[in-house]
**Q** 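Here you go, one structure.
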Amino acid sequence: MLQRLKQSSSFWMILACFCFGIMGVFVKMGSVQFSISELVFYRCIAGFIGILFVVMLQGNTLKVSLPMLKLHMSRCVAGFVALLFYFYAIAHLALPTAVTLSYTSPLFLTLITIFYLKQKPQSGQILAIMIGFVGVVLLLKPTFESAQWQAGLLGLLSGLLSGVAYFNVNKLGQAGEPAWRTVFYFSLVSSLGAAVLMGLQDEPLTMLDSRNIWIVLGLGVSATVAQLAMTRAYSRGKTLAVASLAYLTVLFATLFAVLLWDEQLHLSSYIAMALIAACGILSSALKMNKSVSLSP
């Protein structure tokens, strides 16, 4: 039974979503003591150390051509800023709201792809964009009516920049770049970027001690396990099925928020989450169909 679970892409994706939800919990807890740049640093340095260990163990090369390096840097900068905005949104909004705003990335990825490739959008793409837009408006409406409008806007921008990052990841994959090298450069650039921001921040750095070290460890471990599990899920299963399960992160985040902070959202917020998830699943389905139709 256990062996069959390990072979299942669904199992690994559910594990990834659960761990991403836990990561969100540690970010929200840690935001009370740590700055956003500190949280991003601890999240990324764990992944960097892990992937560096694998690179050294397997003797892989980190050398890339100049055009690929530029593409890597574009992906890294977009992903790094998206992560900063995402953590800021988690710190200042209800956890499910922040997570859902980040998961608008398929909506923006669809728009970016349409404009970049200069193609006439399909009817399904238009439908997905409309569904996602309605979901975003419903989710942000109560946010923009309160003092949390800045966090809501940055959360939405995290989804936009994640879409840009995923677009570059797709281009790197098409160019034959291995996933581990993409993760390595992202972890490296994000760790360095967060370290620079830590040095520039006005408030003193938070010293690690027995009262907060568990937050840092929990953040790093949950993020690393989630990343590894998600990579394994996509490598073993059908893209559409795995991508559809990714929205379980929103469900886990909602459950954690209710259990830990008794966060209660308005009915319209839950409807908005469902619409944004539907937009993402539909966008994934369209990408899958397109890839099938273009295959020889």
**Q** Group every Ile, Leu, Val, Met, Phe, Trp and Tyr by side-chain heavy-atom contacts under 4.5 Å, then state whether Trp180 and Phe53 land in the same group.
**A**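 Per the 4.5 Å side-chain linkage, Trp180 and Phe53 are not co-clustered.
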**Q** So, Lys28 side chain and Leu93 main chain: donor-acceptor pair closer than 3.5 Å or not?
**A**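 Yes.
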**Q** Identify the heavy atoms of Ile36 and Ala91 that sit nearest to each other, and give their distance.
**A**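 Looking at all heavy atoms of both residues, the closest pair is CD1-CB, 4.1 Å.
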**Q** Looking just at side-chain N and O atoms, do Ser37 and Gln201 make a donor-acceptor pair shorter than 3.5 Å?
**A**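 Side chains of Ser37 and Gln201: pair found under 3.5 Å.
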**Q** Side chains of Ile129 and Ile114: does their closest heavy-atom pair fall under 4.5 Å?
**A**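 Yes - at least one pair of side-chain heavy atoms lies under 4.5 Å apart.
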**Q** Please check: side-chain N/O of Thr206 versus main-chain N/O of Gln33, any donor-acceptor pairing under 3.5 Å?
**A**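 Answer holds: yes.
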**Q** Only one of Leu219, Leu208, Val40 forms a side chain to side chain contact (heavy atoms under 4.5 Å, CB included) with Phe34, so which one is it?
**A**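 Result for side chain to side chain contact (heavy atoms under 4.5 Å, CB included) with Phe34: Leu208.
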**Q** Heavy-atom distance under 4.5 Å between the side chains of Met29 and Leu260, does that happen here?
**A**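 Heavy-atom side-chain distance check passes, below 4.5 Å.
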**Q** Just wondering, do Thr97 and Glu263 contact through their side chains at under 4.5 Å, heavy atoms?
**A**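 A side-chain contact under 4.5 Å is absent here.
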**Q** Given the rule that I, L, V, M, F, W and Y join up when any side-chain heavy atoms are under 4.5 Å apart, are Ile213 and Ile49 in one cluster?
**A**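 Cluster IDs for Ile213 and Ile49 match.
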**Q** Do we see a donor-acceptor contact under 3.5 Å between the side chains of Tyr103 and Thr249?
**A**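 Judged by distance alone, the side chains do pair up.
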**Q** Between Phe48 and Phe184, how do the two ring planes meet: parallel, tilted or perpendicular, split at 30° and 60°?
**A**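 Rings of Phe48 and Phe184: tilted, as their planes differ by 30° to 60°.
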**Q** Output yes when a side-chain donor or acceptor of Asn212 lies under 3.5 Å from a complementary backbone atom of Asp209, and no otherwise.
**A**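 A pair under 3.5 Å: yes.
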**Q** Less than 4.5 Å apart, any side-chain heavy atom of Cys19 and any of Met23?
**A**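 Contact flag for Cys19/Met23 side chains = no.
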**Q** Evaluate the ring planes of His72 and Tyr185, with Trp represented by its six-membered ring, and classify them as parallel (under 30°), tilted (30 to 60°) or perpendicular (over 60°).
**A**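 Aromatic pair His72/Tyr185 classed tilted.
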**Q** For the residue pair Phe87 and Glu38, establish whether any side-chain heavy-atom pair is separated by less than 4.5 Å.
**A**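 Sidechains of Glu38 and Phe87: no contact.
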**Q** For Phe186, does the six-membered ring have the charged nitrogen or CZ of Arg75 within the cation-pi criterion, i.e. under 6.0 angstrom from the centroid and within 45° of the normal?
**A**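 Because its charged atom sits under 6.0 Å from the ring centre and within 45° of the axis, Arg75 does stack over Phe186.
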**Q** Verify the neighbour count for atom CE of Met130: are there more than 12 heavy atoms of other residues, nucleotides or ligands below 6.0 Å?
**A**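 Count not over threshold, so no.
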**Q** Within a 6.0 Å radius of atom CZ on Phe252, are there more than 12 heavy atoms belonging to other residues, nucleotides or ligands?
**A**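 Yes - once you tally the heavy atoms of other residues, nucleotides and ligands closer than 6.0 Å, there are more than 12.
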**Q** Got Val99 and Tyr86 here, is their nearest side-chain heavy-atom distance under 4.5 Å?
**A**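 In contact.
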**Q** How long is the gap from CG on Leu188 to SG on Cys76, to the nearest 0.5 Å?
**A**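 That separation rounds to 7.5 Å.
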**Q** Under 4.5 Å between any side-chain heavy atoms of Leu156 and Phe108, yes or no?
**A**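 Yes; the side chains approach each other to less than 4.5 Å.
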**Q** Please say yes or no: joined through hydrophobic side-chain contacts below 4.5 Å, possibly via intermediate residues, are Leu52 and Leu57 part of one cluster?
**A**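 Unlinked, Leu52 and Leu57 end up in two clusters.
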**Q** Cluster question for you: counting only ILVMFWY and a side-chain heavy-atom cut-off of under 4.5 Å, with indirect links fine, are Leu160 and Phe115 together?
**A**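 The answer is yes; both residues are in one hydrophobic cluster.
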**Q** Please examine the side chains of Thr104 and Phe133, heavy atoms only from C-beta on, and report whether any two atoms are closer than 4.5 Å.
**A**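 Contact flag for Phe133/Thr104 side chains = no.
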**Q** Taking Ser74 for its side chain and Leu71 for its backbone only, find out whether a donor-acceptor pair lies under 3.5 Å.
**A**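 Not a single qualifying donor-acceptor pair exists.
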**Q** Using a cut-off of 6.0 Å, state whether more than 12 heavy atoms not belonging to Tyr270 lie near its atom OH.
**A**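 Above 12, so yes.
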